[in-house]
Amino acid sequence: MRRTHYCGNVNTSNINEQVVLEGWVNRRRDLGGLIFIDLRDREGLVQVVVQPESPAYAQANRVRSEWVVRVTGIVRARPAEQVNAKIASGEVEVVAEGLEVLAEARTPPFPIDAGWRGEQDQVVSEEIRMRHRVVDLRRRTLQRNLRLRHKVVAAIYRFLDQEGFISVETPFLTRSTPEGARDFLVPSRLQPGQFYALPQSPQLFKQMLMVAGFDRYFQIARCFRDEDLRADRQPDFTQLDLEMSFVEQDDILELNERLAAYVFKETLGLELPIPFPRMSYAQAMNCYGSDKPDLRFGLELADVSELFRGGEFRAFADAEVVKALVAPALLSRREIEELEAIAKGKGAAGLAWSRYEGGAFSGGIARFIPEGLKERVRLEEGQTVLFVAGPWRKSVESLGAVRLELGKRLGLIGEGFRFLWVVDFPLLEWDEEGGRWTYMHHPFTSPNLEDLELLERDPGRVRAYAYDLVMNGAEVGGGSIRIHRRELQERMFALLGIGPEEAQEKFGFLLEALSYGAPPHGGIAWGLDRWVANMAGEDSIREVIAFPKNKEGRDPLTEAPSPVSEAQLAELGIALRTPNG
RNA sequence: GGCCCGGUGGUGUAGUUGGUUAACAUACCCGCCUGUCACGUGGGAGAUCGCGGGUUCAAGUCCCGUCCGGGCCGCCA
């Protein structure tokens, strides 16, 4: 006889019913005569009581944590004073009539029961958790996170289906393209010496689907990038990838706002105010020192270049920019030193400072503070003003990093979810090492048509139809309007130093597609792992991925990557330069 | 590639200025216990302190190297 209910769903409506439950022993309490078993499945716990005279008693006596059992019994209301308010089924219990052990279990390597009764799970090192991921996945937090992820994906499908989007799968085994991140390569057996690459994103395929007339495409797509890992980066990760034809930038932003709001409403029950704020890249960088500003707190940077220009403080007098940030506290020398280390890490020459105390500046560069600075940065009693001077980008980014650190240290970061669009990214940026222009988003991004005349004359000033979606200071999405005319795409390649032959060799299939009549189109990709991690309140995307890799790119569970046999290599025509290493 | 933090019974921690038998909680095993719900209670087992070397009369503790894990920078169209 199979189960009749999920353990966690048994409640007062089942009183006096005979139920069959199957699940894991979350905890067993042996009172010497009576035995209580908290039986668990994915829906939660229910208390099973086994009386000494019950036929279930003998088995209940030997059962241990995490054994898998089947219990037959009658649901009974608990006396009022014995109700357990911490669990959903706490008003009832199941009086066991039979108990069958379906599987015994080794003692788990770390406790997994606490979360299921509404308490905090013990913190266990990630190393141990990953090695025993199956056990870890039994814990309530991961169960909850993965179910949230499922609900997000299901909501995305519902919404986009309603909006006329068509889900299309694109290949995993595809062609290596030279740009972007490092490719994962897959050797071809049938074409020895040649390689597939795993896709860094379905970018070119979705553009070709637009040319093919699908009009609206989406895919929950696995993507692969062979770069170093972080808390928010895995070598294989998931994008919500979508693309639309005959649209302009605002159409895409508007649709994605509604999608985000729908997802939040359907999964967390939260109403997101839309439209989201929009901020130009220039404004984001100037005010927050980041192209993904965290708007959960203020602390905007101020430009004070003019106040210092030509002044007696030589280091600031002829700097390209001088940026200031007011910390709403009197910072100690030690704190300032730590902040300076952060600024220097981002390329600042130093972090100048002065405290405003007792109506006067003191410490740091107090004697160089120019007239009008206090008013300019709205400095108040008991605050510290911090400065970085130098080239624009390094200055704003380093002070932006200081801003983030201050937000954390001073506890300024508020609750909730703050979204914004960052728009008007530059199309190109100067690559110091390569001594050439390179794209900021990708080489298929359309220039802002208003800036088209600047393309060859002053490339650095050309804005792109590119946009990032930022959530609580994390980049959770990015996209663009694409180039849909072959001539412009070729012009773009030329600007990037990709000659006609190279363009033909590497992107010929795209150019050919564009030559057959491409609709204006654009789209976006959401970093789904980051979205869900943020929604779940997790700092690492590993907490929303069932089987993640560690920081070295290894899977501690399967111990991938692993050596392969000589025979496998031979079949692929591959010889290792350093055997086993 | 660089910087930083960590590694002590199964798990999570403590371990002072280098000094006796490495402590605590929990888990585990055995006994007692009929209303517990992190049951209680009595007992027991369990750690070459990541590994290697060095300093020292003496190293979990100090030094060097190394391995493993985590955070960040670089990198991530």
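Here is the naming used below: chain letters follow the sequence lines, and residue numbers restart at 1 for every chain.
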Donor-acceptor pair, side chain of A/Arg76 and main chain of A/Asn16, under 3.5 angstrom: no
Closest heavy-atom pair and its distance - A/Gln249, A/Ala466: OE1-N, 3.9 Å
Note: A/Arg486-A/Glu512 ion pair, threshold 4.0 Å (strictly below): no
Base versus backbone protein contacts along nucleotides 36-41 of chain B [heavy-atom cut-off under 4.0 Å; B, S, -]: BBSB--
Distance between P atoms of B/G18 and B/U61 (Å, rounded): 11 Å
Residues that A/His5 engages under ring pair (Phe, Tyr, Trp, His ring centres under 6.0 Å), provided they are two or more places apart: none
Nearest-angstrom distance from the residue atom CH2 of A/Trp67 to P of B/A27: 17 Å
Earlier contact from the 5' end, RNA chain B, for A/Thr177 and A/Glu552: A/Glu552
Derivation of the salt bridge (charged side-chain N to carboxylate O under 4.0 Å, His left out) call for A/Glu397 and A/Lys346: CA-CA 7 Å; A/Glu397 285 186 344; A/Lys346 286 284 189 179; 5.7 Å; no
Sugar-phosphate only, base, or nothing, as touched by A/Arg76 at under 4.0 Å among non-hydrogen atoms: base
Sugar-phosphate only, base, or nothing, as touched by A/Gln200 at under 4.0 Å among non-hydrogen atoms: nothing
Minimum heavy-atom distance between A/Ala401 and A/Ile342, given as atom pair plus value: CB-CG2, 3.7 Å
Donor-acceptor side-chain pairing of A/Arg138 and A/His132 below 3.5 angstrom: no
Atom P, compared across B/C5 and B/C63: separation rounded to whole Å: 12 Å
Inter-nucleotide C1' distance (B/G6, B/U66), Å rounded: 16 Å
Between B/C75 (P) and A/Glu475 (CD): distance, integer Å: 15 Å
Geometric class of the A/Trp531/A/Trp526 ring pair [parallel <30°, tilted 30-60°, perpendicular >60°]: parallel
Euclidean distance for P, B/G15 against B/G53 (whole angstrom): 28 Å
Sugar-phosphate only, base, or nothing, as touched by A/Pro52 at under 4.0 Å among non-hydrogen atoms: base
Donor-acceptor pair, side chain of A/Arg222 and main chain of A/Asp236, under 3.5 angstrom: no
Check: A/Arg554 side chain, B/G70 base, donor-acceptor under 3.5 Å: no
Sugar-phosphate, base or nothing in reach of A/Thr445, heavy atoms under 4.0 Å: nothing
Where A/Gln122 and A/Arg139 come nearest, the two heavy atoms and their spacing: O-NH1, 3.1 Å
Listed partners of A/Phe509 passing ring pair (Phe, Tyr, Trp, His ring centres under 6.0 Å), at least two apart: none
Whole-Å C1' distance, B/G70 and B/U34: 48 Å
Interatomic distance where CG belongs to A/Leu229 and C1' belongs to B/G69 [whole Å]: 13 Å
Heavy-atom donor-acceptor pair, A/Arg530 side chain to A/Glu475 backbone, under 3.5 Å: yes
Residues from residues 232-242 of chain A lying under 4.0 Å of RNA chain B - heavy atoms: A/Arg233
Side-chain donor/acceptor contact of A/Arg230 with base of B/G70 under 3.5 Å: no
Partner set under side chain to side chain donor-acceptor pair (under 3.5 Å) for A/Arg225, not counting sequence neighbours: none
Opposite nucleotide pairing with B/G6, Watson-Crick or G-U, both atom distances under 3.5 Å: B/C68
Please list each protein N or O that sits under 3.5 Å from an N or O in nucleotides 8-13 of chain B, with the distance.
from  : atom 1 : to       : atom 2 : distance (Å)
B/G10 : O2'    : A/Pro109 : O      : 2.9
B/U11 : O4'    : A/Pro109 : O      : 3.1
B/U11 : O2'    : A/Gln122 : NE2    : 2.3
B/G12 : OP1    : A/Ser125 : N      : 2.8
B/G12 : O4'    : A/Gln122 : NE2    : 3.1

Spacing between A/Ile541 atom CD1 and B/G71 atom P, to the nearest angstrom: 10 Å
B/U16 and B/A22, which share atom name C1', separated by this distance in whole Å: 14 Å
B/U55 to B/C30 separation - P atoms, rounded to the nearest Å: 49 Å
Touch class at under 4.0 angstrom, heavy-atom based, for A/Arg106 against every strand present: nothing
Closest listed nucleotide, where the reference is the side chain of A/Asn550 and the choices are B/G70, B/G35, B/C75: B/G70
Separation between the C1' atoms of B/G54 and B/G12, rounded to whole Å: 32 Å
Length of the line joining A/Lys551:NZ and B/C5:P, which is rounded to integer Å: 14 Å
Full working for salt bridge (charged side-chain N to carboxylate O under 4.0 Å, His left out) between A/Asp555 and A/Lys549: CA-CA 5 Å; A/Asp555 173 5; A/Lys549 288 166 187 64; 5.8 Å; no
Length of the line joining A/Arg530:CZ and B/C76:P, which is rounded to integer Å: 14 Å
For atom CG of A/Asn61 and atom P of B/C29, their distance in whole Å: 12 Å
Length of the line joining A/Gln120:CD and B/U26:C1', which is rounded to integer Å: 16 Å
